[in-house]
Every structure is written in structure tokens, then in C-alpha cells.
Amino acid sequence: MAKKKIAKAKSKVKVKPKAKPKAAKAKVKAAPKKVAAKKKTAKAASRPVAKVVASALPKVSSKPWGKDGKALDGVRVLDFTHVQSGPTCTQLLAWFGADVIKVERPGSGDITRGQLQDIPGVDSLYFTMLNHNKRSITLDSKSKEGMTVLERLVKTCDVLVENFAPGALDRMGLTWERIHSWNPRMIVASVKGFGPGPYEDCKVYENVAQCAGGAASTTGFLDGPPLVTGAQIGDSGTGLHLALGIVAALYQRKRTGRGQRVLASMQDGVLNLCRVKLRDQQRLAHGPLKEYTQYGQGIPFGEATPRAGNDSGGGQPGVILKCKGWETDPNAYIYFITQAPVWEKICDLIGEPGWKTHPDFAKPPARLPRLKQIFERIEQWTMTKTKFEVMNECNALDIPVGPILSMKELAEEQSLRETGTIVEVDHPTRGKYLSVGNPIKLSDSISEVERSPLLGEHTDEILTKVLKFSPREVAAIKASGATGQAPKAQAAE
Ligand code: CAO
């Protein structure tokens with residue numbers, strides 16, 4: 001963790017401009033080498049035999065790491081997503097090497113292009129930060145010609161990802177049966193607000209999912225209302241879940257040859273992330289949750305998992321404590337965990353060596369009713385140091401602590417620039433901006449962050465190079481208005 005703030009840190013990560021159209025990627029993978037069955041000689045039979053599994057894997061690549069293509073090379077995605085949940089998923093697939101073709105409504109496109117705009121007439125950061133490494137085609141899916149193009153896209157792609165309101169894809173005419181009849185290998189992946197049940201027809205946004213998935217009822221302080229969290233666990237969290245489902249379906253398709261439907265509901269995704277709270281719900285049946293602060297305060301538990309303030313979900317007492325400068329800096333705080341194995345080191349660090357053997361403090365159960373007193377004493381110590389000083393001193397002793405980092409500090413954090421987690425991207429109409437790069441690092445499939453496409457920027461190249469429509473057919477499609485008025489790719493640069 002950087003101790004100093006570095007004002008204008010430059011990313012070392014190469015950010016490629018999306019200058020040239022991508023060539024259609026070969027979908028044919030290297031055929032597995034046939035292993036000729038050899039007769040065992042008497043000598044060979046006498047040796048211990050490493051079991052050779054007849055696998056479909058090609059021979060081990062001898063190319064340097066990161067130089068043998070990308071994990072999802074050859075996978076083409078029909079990206080019918082909008083807002084945040086779906087685009088998070090397809091952006092990840094694109095970073096792993098999939099060719100992602102985003103289908104957008106002519107004229108307006110993904111609604112986020114115009115939402116929370118900081119620069120008039122320029123694609124918003126909301127859009128640019130969720131749609132890297134994709135190509136954009138504008139298409140009115142409700143027109144006859146638009147559907148002709150969609151049919152060919154379905155036949156050409158491996159995965160269709162969508163997060164329309166329930167039933168919208170069917171109303172468009174793209175039922176599972178129809179898609180499957182056009183392309184039985186197609187994986188159709190959807191984000192919906194709820195899974196099958198009483199709420200399945202509801203439209204759902206981030207905070208609705210946080211509330212319906214159990215996050216809000218368990219977030220906040222005991223004496224306050226439920227709270228939503230800044231982490232977009234409903235949208236981006238569900239996009240992550242969906243991406244994993246898609247990759248698993250692609251893997252299964254290698255064996256079965258057929259596609260399948262993948263559903264990630266936002267309620268399910270949030271609940272999955274709140275797993276420990278359902279754990280606590282069941283523990284309540286067997287007595288109070290002793291690691292919760294309210295236990296030490298003598299406050300009785302109700303029927304449901306309560307809001308636990310800043311208590312740690314892992315059962316080790318933890319709180320957020322003030323550090324030097326807290327009076328003026330809203331983020332001069334640190335998360336401090338009194339983890340049992342390092343208790344003695346904590347006692348020495350804060351100047352209370354007597355607590356190591358004192359019967360009121362030496363063992364975790366004795367400490368539980370005294371946590372308020374303990375943390376007040378630790379805070380007296382943390383308030384004499386900056387959060388980074390606390391971090392350094394505690395980490396040297398394996399005491400887990402977490403500095404409360406602001407978005408400003410994260411944006412300026414040099415180590416995050418160096419790993420490509422924070423990247424600077426250049427955009428033809430916006431100029432340079434910061435984004436979060438691929439948070440998942442593969443050693444043999446290195447992500448390069450390419451800027452998001454302008455609306456309909458790749459309409460022509462997709463119609464001609466990917467879908468192989470003839471010039472006459474392209475002219476007819478365009479004349480019908482199905483693709484709207486798309487800007488030329490060159491004009492974008
Ligand atoms: N051409 C023509 N029509 C198009 C089109 C295109 N290229 N792309 C979309 N449309 C149409 C859809 O077919 C739909 O038409 P109908 O209502 O007539 O069937 C219409 O646009 C609106 O789609 P929508 O209902 O998905 O969009 P919305 O803004 O009304 O709702 C949202 C947005 C997010 C609430 C809803 O899509 C939803 O619940 N999605 C599932 C859950 C989800 O992902 N939520 C997270 C959103 S991020 O916070």
C-alpha cells in the first residue's frame with residue numbers, strides 16, 4: 001500500500017485505442033492430436049505407469065506466457081445488454097478475449113450513454129467504464145430487416161447475453177425455441193431481477209436487488225434504518241455471476257455440443273453474497289450471536305439476523321477506529337480486528353502488556369463483554385497515527401487492519417496503476433479518463449483495456465465482415481432504417 005499520495009500517476013499498462021476493426025476471429029480450434037495406442041512392451045509394463053487420460057487437450061504451448069492468444073479467443077458474443085449488470089458481464093468476457101458485439105437501439109443506444117453525463121454530448125463515464133473492448137452495431141430489433149440481421153448474428157455468435165425486462169426478448173420474437181432452432185449451440189444468458197416466483201415479472205435496479213437479496217436488512221447500525229452499500233453487488237455482482245455461468249456453459253458445450261440457458265437473478269446474486277448472514281440467521285436458533293457488538297452491550301436479539309454495524313462477518317471482533325486527522329478528513333479511519341491469534345501483539349503495540357494475562361482480557365470469551373472498552377483503548381493509540389502508519393505497524397506484526405481508502409486515494413494509488421486495476425483510457429470525444437481494468441488476472445491471457453465504442457461505430461464492418469451481407473443487402477438494410485444513422489468509424493478517431 002502506498003504511503004504517499006502520488007498525484008499524477010501514469011499507468012504503465014498499455015491501453016490500446018480502438019483504431020482498427022477487429023478481424024473476425026477464427027472459430028476453429030486446433031484439433032486435438034490423436035494419440036496412437038501403443039502396445040505395451042514387457043519393459044514398459046514393468047515400470048510404474050503414470051495414468052494417461054485420453055483428453056481433448058492440445059499439446060502444451062511453447063509460446064511465452066501471454067503470447068498464445070486470450071482465454072476466450074474464438075468466442076463471439078451477441079451483447080444485448082444495457083445499464084450495468086449485463087454490460088459488466090460482457091465487458092469481462094471481452095477482456096478475456098471474446099469478440100463482443102453490442103447491439104444498440106438506433107439513435108439512442110444503451111440508455112447509460114446519456115445518463116449522468118459530465119460533458120454535454122459525450123458518452124457518459126457510466127457507459128464508457130462498462131463497455132470497454134466491445135464493438136457497437138445499431139439495430140432496430142423490432143423491424144423486419146433488423147430481425148434479419150439479428151438472425152444472422154444469432155447464427156454467427158456463441159453466446160447471447162441480455163438483461164431486458166422480463167419477457168422483452170420474447171416480445172421481440174427471440175424466444176429460446178427460435179434462437180435454439182437457428183443455432184442449437186447458442187448459449188442464452190440472462191440477468192433478471194428475480195428468478196421464477198411471485199416477483200419474476202418485476203423490473204429491478206441495483207438498490208431493489210440489495211433490499212430484496214438480504215443486503216439492506218443486514219447493513220447499517222442496529223438503531224438505524226436498513227442501508228444500501230456503495231458496492232454494486234446487485235448489478236456488477238450479478239454480472240460476475242452470469243459471466244461464470246457463461247464460461248461454465250461454454251465448457252459444457254465442448255462435451256455436449258449444445259447451448260443452454262443461463263440465468264442469474266439479481267436477488268439470487270445478492271443473497272449469495274450475503275451467505276454469512278443466512279448462516280447467522282440459523283445460528284440464532286441456538287442462542288445469541290456472541291461476536292456481534294450488541295451481545296456485549298446486553299441488547300437482546302430478535303427473530304432475524306440484525307444489522308451489525310461494522311462488526312466483522314468472520315466472527316472476529318472488528319470496528320472502524322479514528323486515526324490522526326479524523327477531525328477534518330472524513331476517511332482518516334482504519335478497520336481494526338482484534339483477531340485472537342495476534343491478541344498479545346496488539347496488547348504490546350497499544351501499551352497494555354498487562355492485558356495479555358489479565359483474566360478480563362486474556363481469552364476471547366472474557367473480552368466479548370468488554371469490547372467497547374478495548375476498542376476505545378486501541379483508538380487512543382490509532383488516533384496518534386495516520387491510517388497508513390497504523391497499517392504499516394500492524395502489518396509488520398500480522399495484525400489485520402484496513403485503511404479506509406477514498407476513491408481519490410484509490411485513483412492515485414500507484415500499485416493499482418501498475419497492475420492494470422486502475423487504467424487511464426483515451427477516448428476520441430471525451431479525452432483521457434480513469435477506469436477500473438480487469439480485476440481478474442490471468443497469467444496467460446493478459447487483458448488490454450480498449451475504449452468503449454461510439455454508438456453504431458462498427459455497424460458497417462459487422463454487417464459486411466462478420467455477417468457477410470453483400471453490398472446490395474447492406475444498402476437495403478440501411479435504406480430500411482433498421483440501422484439508423486451510424487457515424488463512420490474513421491470520424492470517431
Ligand atoms: N431495438 C428495438 N427495441 C429495443 C432495442 C432495439 N435495439 N433494444 C431494446 N428494445 C426494447 C425492448 O424490446 C423493450 O421493448 P418492449 O417493452 O416493448 O418489449 C424496450 O426496449 C425496453 O426494454 P426494457 O424493458 O428492458 O428497458 P427498461 O428501460 O424499461 O427497463 C430495466 C430497464 C433495467 C429495469 C429492465 O431492463 C430490467 O428489469 N432488466 C433486468 C434486470 C436488470 O438487469 N437490472 C439491472 C439494471 S442496471 O441497474
Side-chain angles (χ1 to χ4, degrees), residues 78-91 101-116 124 126-127 129-131 134-151 153-154 160-175 178-179 188-197 199-213 215 228-243 245 262-270 453 455-456 458-459 462 477 480-486:
L78 196 177
D79 180 4
F80 234 152
T81 67
H82 62 158
V83 204
Q84 187 182 159
S85 62
T88 300
C89 166
T90 50
Q91 179 169 259
I101 297 172
K102 184 167 174 112
V103 177
E104 297 183 80
R105 194 199 293 260
S108 51
D110 186 327
I111 194 169
T112 59
R113 284 187 186 267
Q115 280 181 337
L116 305 174
S124 70
Y126 196 5
F127 177 84
M129 291 176 72
L130 284 160
N131 290 283
K134 304 179 186 178
R135 296 196 269 179
S136 166
I137 175 174
T138 42
L139 209 56
D140 178 359
S141 63
K142 289 184 175 162
S143 73
K144 186 168 146 283
E145 294 76 7
M147 189 48 77
T148 306
V149 177
L150 267 175
E151 178 178 348
L153 269 169
V154 168
L160 185 159
V161 191
E162 63 93 20
N163 68 311
F164 291 126
L169 202 62
D170 287 357
R171 286 195 292 279
M172 241 181 235
L174 287 177
T175 59
R178 194 165 187 203
I179 294 169
V188 180
S190 305
V191 169
K192 294 287 166 264
F194 293 91
Y199 304 121
E200 64 187 320
D201 291 330
C202 298
K203 290 189 174 183
V204 171
Y205 291 95
E206 173 66 49
N207 289 348
V208 177
Q210 289 199 25
C211 295
V228 294
T229 161
Q232 304 288 283
I233 56 177
D235 279 338
S236 289
T238 309
L240 267 163
H241 282 86
L242 191 72
V262 181
L263 171 67
S265 96
M266 295 168 75
Q267 183 184 42
D268 293 1
V270 171
L455 179 60
H458 306 96
T459 301
I462 290 164
I477 291 164
S480 76
T483 56
Q485 204 63 35

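Counting convention: from 1, in listed order, for ligands and their atoms alike. The model shown is predicted, which means the values in this text are computed figures rather than measured ones.
Among the atoms of Ala165, some N or O lies under 3.5 angstrom from an N or O of ligand 1. For ligand 1, the polar-atom distance check finds no N/O of Gln84 at less than 3.5 Å from any of the ligand's N/O atoms. Backbone and side-chain nitrogen or oxygen atoms of Lys142 are examined, and one is located within less than 3.5 angstrom of a nitrogen or oxygen of ligand 1.
Both the backbone and the side chain of Arg105 come within 4.0 Å of ligand 1, judged by heavy-atom distances. Contacts between Lys203 and ligand 1 below 4.0 angstrom, taking non-hydrogen atoms only, involve backbone and side chain alike. Contacts between Leu139 and ligand 1 below 4.0 angstrom, taking non-hydrogen atoms only, involve the backbone exclusively. Only the backbone of Val204 comes within 4.0 Å of ligand 1, counting heavy atoms alone; no side-chain atom from C-beta on gets that close.
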Next on the checklist: Show, in sequence, the C-alpha distance, side-chain angles and deciding distance for Gln84 and Tyr126, and conclude whether the side-chain contact (heavy atoms from CB on, under 4.5 Å) test is met.
Outcome noted: CA-CA 8 Å; Gln84 187 182 159; Tyr126 196 5; 3.6 Å; yes
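When Glu200, Gln267, Glu162 are each tested for a side chain to side chain donor-acceptor pair (under 3.5 Å) with Lys192, only one passes: Glu162. Screening Leu150, Asn163, Leu153 for a side-chain contact (heavy atoms from CB on, under 4.5 Å) involving Phe80 leaves a single residue, Leu150.
One option in Asp170, Leu174, Asp235 has a heavy atom closer to atom 48 (S) of ligand 1 than any other, and that option is Asp235.
Donor-acceptor pairing under 3.5 Å is lacking for the side chains of Thr90 and Lys102.
Ligand 1 places these atoms under 4.0 Å from at least one heavy atom of Val191: 41 (C), 44 (O).
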